[in-house]
Amino acid sequence: MSENWHTVASVDQIDEDQPLAVKVDGNEIGIFKVNDSFYAIEDICPHAYALLTQGFIDGDNVECPLHEAVFHIPSGKCLKAPAERDLKTYPIRIEGNQVLIAL
Ligand code: FES
């Protein structure tokens, strides 16, 4: 099945300490930059409702701003309760200065 790529941002909109919240086809997705690589993960914390792009970034982890669940940004893995599942991740690629993700 072919993936559907969407241009969501330009690279200069995203910084290591400044992720970007985007909405694609009704999905809220966070674009993060870690060690010069870009990652697209589900932005809504699976525990309740908080945006992880408003959370606290520590290295390659992000902590939910509401109840402090922790997720690994590159893999989406849930590292700390109270969240109980991993985040969905999306394919991402850079073309020139554009950031594209696939749904
Ligand atoms: S909403 Fe994220 S840990 Fe509760």
Side-chain angles (χ1 to χ4, degrees):
M1 218 168 80
S2 72
E3 285 162 329
N4 207 352
W5 289 91
H6 302 258
T7 301
V8 291
S10 61
V11 290
D12 51 19
Q13 286 178 277
I14 302 144
D15 229 324
E16 309 254 339
D17 55 2
Q18 186 65 65
L20 183 74
V22 301
K23 209 174 204 176
V24 182
D25 289 346
N27 299 288
E28 298 196 53
I29 298 169
I31 313 293
F32 291 76
K33 187 178 174 189
V34 179
N35 294 329
D36 285 328
S37 293
F38 290 86
Y39 300 97
I41 56 176
E42 211 178 333
D43 197 12
I44 299 173
C45 180
H47 174 239
Y49 185 94
L51 293 181
L52 297 171
T53 45
Q54 294 174 5
F56 306 101
I57 296 171
D58 181 15
D60 52 6
N61 295 335
V62 61
E63 183 185 82
C64 178
L66 208 51
H67 312 109
E68 298 168 11
V70 176
F71 301 91
H72 183 234
I73 296 167
S75 65
K77 234 181 174 8
C78 177
L79 303 176
K80 183 171 165 274
E84 291 177 340
R85 70 163 175 85
D86 299 340
L87 301 172
K88 206 166 161 191
T89 61
Y90 299 87
I92 188 165
R93 73 168 198 247
I94 307 299
E95 262 179 31
N97 71 338
Q98 302 291 296
V99 180
L100 292 88
I101 65 172
L103 289 201

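Fair warning: this is a prediction, and the values are worked out from it, not measured in the lab. Each ligand, and each atom within it, is numbered from 1 in the order the structure gives.
Close approach of ligand 1 to C64 is summarised as follows: ligand atoms under 4.0 Å from at least one heavy atom of the residue are 1 (S), 2 (Fe), 3 (S).
No donor-acceptor contact under 3.5 angstrom links the side chains of S10 and N97, judged on distance only.
Residue contacts with ligand 1 for A48 involve both N, CA, C or O and side-chain atoms from C-beta outward (heavy atoms, distance under 4.0 Å). Here P82 has side-chain heavy atoms under 4.0 Å from ligand 1, and that is the only part of it that gets that close. The backbone and the side chain of A69 each have at least one atom closer than 4.0 Å to an atom of ligand 1 (non-hydrogen atoms only).
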Kindly determine whether E84 and H47 satisfy side-chain contact (heavy atoms from CB on, under 4.5 Å), including the steps that lead there.
CA-CA 7 Å; E84 291 177 340; H47 174 239; over 6 Å; no

What verdict does the side-chain contact (heavy atoms from CB on, under 4.5 Å) test give for I57 and F32, after you've listed the backbone C-alpha separation in whole Å, the side-chain angles of each residue and the deciding distance to 0.1 Å?
CA-CA 10 Å; I57 296 171; F32 291 76; 4.0 Å; yes

List the steps and the verdict of side-chain contact (heavy atoms from CB on, under 4.5 Å) for I92 and I31.
CA-CA 9 Å; I92 188 165; I31 313 293; 4.0 Å; yes

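Its N, O or S atom nearest to atom 4 (Fe) of ligand 1 is what matters here, and for H47 that atom is ND1. When you scan the N, O or S atoms of H67 for the one nearest atom 4 (Fe) of ligand 1, you land on ND1.
The heavy-atom pair separating D86 from E42 by the smallest distance is O-OE1, 4.2 Å.
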